[in-house]
Amino acid sequence: MAEFVTTEMHTGGEPLRIIEKGYPDIPGATILEKIQNMKKTMEDKRKLLMFEPRGHFDMYGVLLVPPDIPSADVGAIFMHNQGYSTMCGHAMLALGRYIVDKGIVKNPTIPETKVNIQCPCGLVESYVKYDGKKTGAVRFFSVPAFLFAKDISVDVPGYGKITVDISYGGAFYALVALSQYKMDRSATIQKIRDAAGATTDALKKQLKLTHPDSEDLAFLYGTIVTDGKDQYSEDVSWNVCVFAEREVDRSPCGSGVTARIAQQYTRNLIKIGQTRTFEGPTSSRFTANPIKEVTYGDYSAVIVEVSGNGYYTGTSKFTLEEDDKIGRGFLLN
């Protein structure tokens with residue numbers, strides 16, 4: 001009988017299932033190679049842990065693996081209903097605590113402990129509040145984030161012509177104001193999910209993405225629907241990130257707000273050091289600010305600091321009986 005052990009966390013309501021037992025060693029010299037091997041031979045495990053009856057349509061998970069960057073404390077492979085992602089900010093905010101609490105980082109320091117996590121998109125430097133007994137809020141510095149393209153027009157079936165920016169925050173997103181869909185904040189999450197998903201589908205048919213480091217990172221991860229408040233302000237800005245196979249991020253989305261800051265910085269709407277607060281569909285909030293301009297390939301990019309809180313929700317032990325066909329994973333949505 002197969003057995004899997006996990007620790008469960010959430011950040012802003014967005015789940016994070018940290019897989020501790022059940023996977024074999026993953027072959028591959030790099031994290032991207034490991035992911036390619038998982039796609040070929042281990043999809044059954046992803047579906048078992050992400051899909052029903054142990055997960056759900058919007059489940060999210062992470063498998064910790066040995067890093068191939070010497071300065072990293074651990075490597076992270078993220079998974080969801082569609083497959084695997086290149087970056088996950090809400091996971092960074094939860095994993096920071098987990099890594100310190102589990103003693104993966106030796107000799108933690110007060111008032112913050114530094115944690116280096118290698119993600120598929122690169123090394124992410126995190127700082128975990130720690131008072132010697134308990135961990136707390138986490139902040140991380142993103143990989144270089146950049147505006148890939150602006151004012152892209154796309155014909156979205158059912159919604160007409162929509163104009164989007166394409167921005168990278170560890171993953172590529174289309175950014176679009178909710179008003180373009182003739183909706184306001186009273187719209188249901190399902191309506192926003194449908195509009196954003198249709199936009200992603202339409203863009204994938206016409207958009208060719210490239211990435212300075214690897215073609216494995218050059219794909220559109222999702223669409224972020226915003227309130228259109230891109231000019232710097234101390235007011236809270238709202239957004240909903242719809243990613244993978246139309247998953248809805250319950251949090252403001254860490255890589256998503258990174259992408260929004262990169263968009264705003266490139267459009268001269270925000271300056272280095274100015275902090276914005278972003279709110280997701282559960283009213284949970286992250287703060288984010290551009291801290292340094294860098295060059296990344298042919299792009300003028302920015303490093304973004306994102307802060308938030310992750311929380312423990314429990315532990316799980318999952319099993320699979322050999323003759324349980326339905327229990328191998330399914331989705332109803």
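Predicted, not measured: the structure shown is a model, and the values here were computed from it.
The heavy-atom pair separating Val257 from Gly254 by the smallest distance is CG2-O, 3.4 Å. In terms of heavy-atom proximity, Ala72 sits nearest to Gln118 at CB-CB, 3.9 Å. The heavy-atom pair separating Cys121 from Met87 by the smallest distance is SG-CB, 3.6 Å. Annotation for Leu32 and Ser214: closest pair CD1-OG, 3.7 Å, computed over non-hydrogen atoms. In plain terms, the two heavy atoms of Ile31 and Gly75 that are nearest each other are CD1-CA, 3.9 Å. A pairwise comparison of heavy atoms in Val302 and Val294 identifies N-CG2, 4.1 Å as the closest pair.
Counted by atom type alone, Ser85 and Tyr60 present one or more donor-acceptor pairs between their side chains at under 3.5 Å. Under 3.5 Å, the side chains of Tyr265 and Glu293 contain a donor-acceptor pair of N or O atoms. In this model, no donor atom of one side chain and acceptor atom of the other lie less than 3.5 Å apart for Thr163 and Asp151. Counting only N and O atoms by type, the side chains of Asp194 and Gln190 include a donor and acceptor under 3.5 Å apart. Looking only at atom types and distance, the side chain of Thr275 has no donor-acceptor partner in the side chain of Thr287 under 3.5 Å away.
We find the OG1-CD1 distance between Thr6 and Ile18 to be 8.5 Å, quoted to the nearest 0.5 Å. In this structure, CG on Leu203 lies 5.0 Å from CD1 on Ile166, to the nearest 0.5 angstrom. How far CG of Asn289 is from CD1 of Ile270: 7.5 Å, rounded to the nearest 0.5 Å. Taking OG1 from Thr135 and CZ from Arg97, the interatomic distance works out to 3.5 Å, rounded to the nearest 0.5 Å. Of the inter-residue distances, the one linking Ser126 atom OG with Glu112 atom CD reads 10.5 Å to the nearest 0.5 angstrom. With values rounded to the nearest 0.5 angstrom, Asp249 atom CG is found 9.0 Å from Asn239 atom CG.
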Pair Tyr98, Glu20 - check side-chain hydrogen bond (donor to acceptor under 3.5 Å, both in side chains), show working. CA-CA 12 Å; Tyr98 176 87; Glu20 299 173 334; 2.5 Å; yes
Output, in order, the C-alpha distance, side-chain angles, deciding distance and verdict of side chain to side chain contact (heavy atoms under 4.5 Å, CB included) for Tyr168 and Ser255. CA-CA 8 Å; Tyr168 179 80; Ser255 57; over 6 Å; no
Could you check Ser284 against Ser251 for side-chain hydrogen bond (donor to acceptor under 3.5 Å, both in side chains), going step by step and ending with a plain yes or no? CA-CA 6 Å; Ser284 58; Ser251 79; 5.6 Å; no
Determine whether Glu279 and Ser237 satisfy the following criterion, side-chain hydrogen bond (donor to acceptor under 3.5 Å, both in side chains), listing intermediate values before the conclusion. CA-CA 6 Å; Glu279 183 177 274; Ser237 182; over 6 Å; no
Walk me through whether Arg17 and Met59 qualify under side chain to side chain contact (heavy atoms under 4.5 Å, CB included). CA-CA 8 Å; Arg17 174 162 288 166; Met59 193 63 198; 3.5 Å; yes
Walk me through whether Leu123 and Val143 qualify under side chain to side chain contact (heavy atoms under 4.5 Å, CB included). CA-CA 7 Å; Leu123 185 69; Val143 295; over 6 Å; no
Begin with the C-alpha distance, continue with both residues' side-chain angles, and end with the deciding distance and a verdict on side chain to side chain contact (heavy atoms under 4.5 Å, CB included) for Thr86 and Phe219. CA-CA 10 Å; Thr86 57; Phe219 63 92; 3.6 Å; yes
Assess the residue pair Thr199 and Tyr181 against the criterion (side-chain hydrogen bond (donor to acceptor under 3.5 Å, both in side chains)); give the C-alpha distance rounded to whole Å, side-chain angles, the decisive distance to 0.1 Å, and a yes or no. CA-CA 10 Å; Thr199 302; Tyr181 300 116; 2.6 Å; yes
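Glu321 CD: 12 or fewer foreign heavy atoms inside a 6.0 Å radius. For CD of Glu234, the number of neighbouring non-hydrogen atoms (other residues, nucleotides, ligands) closer than 6.0 Å is 12 at most. Remark: Asp131 CG is packed, more than 12 non-hydrogen atoms of other residues, nucleotides or ligands lying under 6.0 Å away. Open room surrounds CD1 on Ile326; 12 or fewer heavy atoms of other groups in view lie less than 6.0 Å from it. Environment of NZ in Lys204: crowded, with over 12 heavy atoms of neighbouring residues, nucleotides or ligands closer than 6.0 Å.
With respect to Arg276 and Asp230, no salt bridge is recorded, no charged nitrogen being found less than 4.0 Å from a carboxylate O. Between Arg260 and Asp165, no side-chain nitrogen of the basic residue sits less than 4.0 Å from a carboxylate oxygen of the acidic one, so the salt-bridge criterion is not met. The existence of a salt bridge linking Asp58 and Arg250 is confirmed by a sub-4.0 Å separation between a basic side-chain nitrogen and an acidic carboxylate oxygen. By the 4.0 Å N-to-carboxylate-O rule, Glu305 lies close enough to Arg139 to be salt-bridged with it.
Looking at Asn116 and Val105, their side chains never come closer than 4.5 Å, going by heavy atoms from C-beta outward. Between Pro212 and Tyr299, the closest side-chain pair of non-hydrogen atoms falls below 4.5 Å. Using a 4.5 Å heavy-atom threshold, the side chains of Thr226 and Val176 count as separate. Using a 4.5 Å heavy-atom threshold, the side chains of Met38 and Arg46 count as separate. In this structure, Pro67 and Asp73 have side chains that are not in contact, with every pair of non-hydrogen atoms separated by 4.5 Å or more. A 4.5 Å side-chain heavy-atom check between Lys229 and Asp235 finds every atom pair outside the cut-off. With contacts defined as side-chain heavy-atom distances shorter than 4.5 Å, the pair Ile99/Ile117 qualifies. Within the 4.5 Å cutoff, no side-chain heavy atoms of Leu48 are placed close to those of Lys45.
Leu269 and Ile303 sit in two unconnected hydrophobic clusters of ILVMFWY residues. Membership requires side-chain heavy atoms under 4.5 Å apart, directly or through other members. Neither Val115 nor Phe141 shares a network with the other; the hydrophobic side chains, linked directly or stepwise wherever heavy atoms of I, L, V, M, F, W or Y lie under 4.5 Å apart, form separate groups for each.
Residue Phe140 forms a side chain to side chain contact (heavy atoms under 4.5 Å, CB included) with just one option from Leu93, Val304, Leu95, and that option is Leu93.
At least one donor-acceptor pair under 3.5 Å links the side chain of Glu52 to the backbone N or O of Leu332. Here the side chain of Lys161 pairs no donor or acceptor atom with the backbone of Asp155 at under 3.5 angstrom. Not one N or O on the side chain of Tyr173 forms a donor-acceptor pair closer than 3.5 Å with the backbone of Leu175. Checking side-chain atoms of Glu14 against main-chain N and O of His10 turns up no donor-acceptor pair under 3.5 Å. With hydrogens and angles disregarded, no donor-acceptor distance shorter than 3.5 Å links the side chain of Glu247 to the backbone of Ala244.
The distance between the ring centers of Phe243 and Tyr221 falls below 6.0 angstrom. With ring centers used as reference points, Phe57 lies 6.0 Å or more from His80. With ring centers used as reference points, Phe318 lies 6.0 Å or more from Phe4. For Phe78 and Tyr84, the distance between ring centers is not under 6.0 angstrom. Under the 6.0 Å cut-off for aromatic ring centres, His211 and Phe148 do not qualify, their centroids lying 6.0 Å or more apart.
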